[in-house]
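Notes follow once the structure below has been shown.
Any value given below was found using the heavy atoms of this structure, including those in side chains, with hydrogens, waters and symmetry copies removed. In this chain, residues are counted from 1 in sequence order.
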Amino acid sequence: MTESPIRLLLADDHPVVRAGLRAVLETEPGLTVVAEAATAEEAVARAAGGDIDVVLMDLQFGPGMGGAEATARITERPGAPRVLIVTTYDSDADTLPAIEAGATGYLLKDAPPEDLAAAVRTAATGRTTLAPAVADRLMNRLRTPATTLTRRETEVLSLVAEGLSNQAIGSRLHLTEGTVKSHLARIYAKLDVDSRTSAVATAAGLGLIRR
């Protein structure tokens, strides 16, 4: 008796990426691509159909919902498919929200085809696969908690990197300006810096936020 194939949903806003993933995965025995989604909203809706085992999810979809929020919405349902993040981003600002949202694995788009296929099979069984760079950084967070930025601190610093003022950051994250300043003070202490510019440069160099 042959095993049922692992049924896949490809969620990425770039048609070329979806075509590339399909080309790689459909050459693998026991894997079949049953649907594609160009937006996170579409992925959430399609994943609820009951005929998907693993969703391959990008993190960035342009305007609208992002991949981490879509992952949370998919995985909160009973009997939900597994979600494997496949993206170009490996900073803490990207990996932590996705993993906290319930992603089973996290791979980078430059992973070899055999690693991608293996990660899909691993995800289908509920086990975790992490890109080496992501695994290293998570281990480092556990080893050095005193200097590790919290998720909220990472969010604040990511918005600093986008050029937002403390007031604008507070509005975006529903925080008071004083709370934002407190977060920045802790960030400066942890990174041993004394300015917004230095904090952004140091954090980007450490892979805590996107360059």
The residue among K190, R186, E155, H183 that forms side-chain contact (heavy atoms from CB on, under 4.5 Å) with L149 is K190

Discussion item. Run the side chain to side chain contact (heavy atoms under 4.5 Å, CB included) test on R22 and L8 for me, step by step, so that the C-alpha distance in whole Å, both residues' side-chain angles and the decisive distance to 0.1 Å come before the verdict.
Written reply: CA-CA 9 Å; R22 180 184 282 272; L8 309 176; over 6 Å; no

Query - Any donor-acceptor N or O pair under 3.5 Å, side chains T150, R152 - result: no

Closest non-hydrogen atoms of A11 and V55, given as atom of the first, atom of the second and distance, are CB-CG1, 4.4 Å

The side chain to side chain donor-acceptor pair (under 3.5 Å) partners of E42 (sequence neighbours excluded) come to none

Residues E41 and M65: closest non-hydrogen pair is OE2-N, 2.9 Å

Using a 3.5 Å cut-off and no angle test, enumerate the donor-acceptor pairs between side-chain atoms of residues 107-115 and protein atoms at least two apart in sequence or in another chain.
unit_1 : atom_1 : unit_2 : atom_2 : d
K109   : NZ     : D12    : OD2    : 2.9
K109   : NZ     : D58    : OD2    : 3.4

Looking only at heavy atoms, the pair that brings M57 and A70 closest together is CE-CB, 3.7 Å

Practice task
Side-chain contact test, heavy atoms from C-beta onward, threshold under 4.5 Å: evaluate it for I99 versus L130 and give yes or no.
Solution key: yes

Less than 3.5 Å apart, which donor and acceptor atoms pair up between the side chains of residues 200-210 and the rest of the protein, not counting sequence neighbours?
unit_1 : atom_1 : unit_2 : atom_2 : d
T202   : OG1    : S198   : O      : 2.9
R210   : NE     : D94    : OD1    : 3.1
R210   : NE     : D94    : OD2    : 3.1
R210   : NH2    : Q60    : OE1    : 3.1
R210   : NH2    : D94    : OD1    : 2.6

In this structure, CD1 of I52 is separated from CG of L9 (nearest 0.5 Å) by 5.0 Å

*Are V180 and L164 grouped together when hydrophobic residues (ILVMFWY) are joined by side-chain heavy atoms under 4.5 angstrom apart?*
yes

Taking the side chain as every heavy atom from C-beta outward, state whether T104 and T75 have any atom pair closer than 4.5 Å. no

Practice item. List the steps, then state whether side chain to side chain contact (heavy atoms under 4.5 Å, CB included) holds for V17 with V86. Key: CA-CA 10 Å; V17 173; V86 183; over 6 Å; no

Shared ILVMFWY cluster between V83 and V134, side chains joined below 4.5 angstrom? yes

Those residues at least two apart in sequence (or on a different chain) that pass side chain to side chain donor-acceptor pair (under 3.5 Å) with T176 are T179

**Prompt:** Within a strict 4.5 Å, meaning less than it, do heavy atoms of the L96 and L138 side chains meet?
**Reply:** yes

Nearest heavy-atom contact between A133 and D90 is CB-OD2, 3.8 Å

Hits for side chain to side chain contact (heavy atoms under 4.5 Å, CB included) against R196, two or more places apart or cross-chain, chain-then-number order -> V160, N166, I169, L184, Y188

Smallest heavy-atom separation, L84 atom then Y106 atom, equals CD1-N, 3.9 Å

dist L56:CG -> R82:CZ (nearest 0.5 Å) comes out at 14.5 Å

Are I85 and F61 connected in a single hydrophobic cluster, I mean Ile/Leu/Val/Met/Phe/Trp/Tyr linked by side-chain heavy atoms less than 4.5 Å apart?
yes

Do E28 and V120 make a side-chain contact, defined as non-hydrogen atoms from C-beta onward lying under 4.5 Å apart? no

In short, side chain to side chain donor-acceptor pair (under 3.5 Å) pairs touching residues 64-73 with sequence neighbours left out are E69-R73

Note: A199 and L191 closest approach over all heavy atoms is O-CD1, 3.7 Å

Only residue of I74, D53, V54 satisfying side-chain contact (heavy atoms from CB on, under 4.5 Å) with P81 is I74

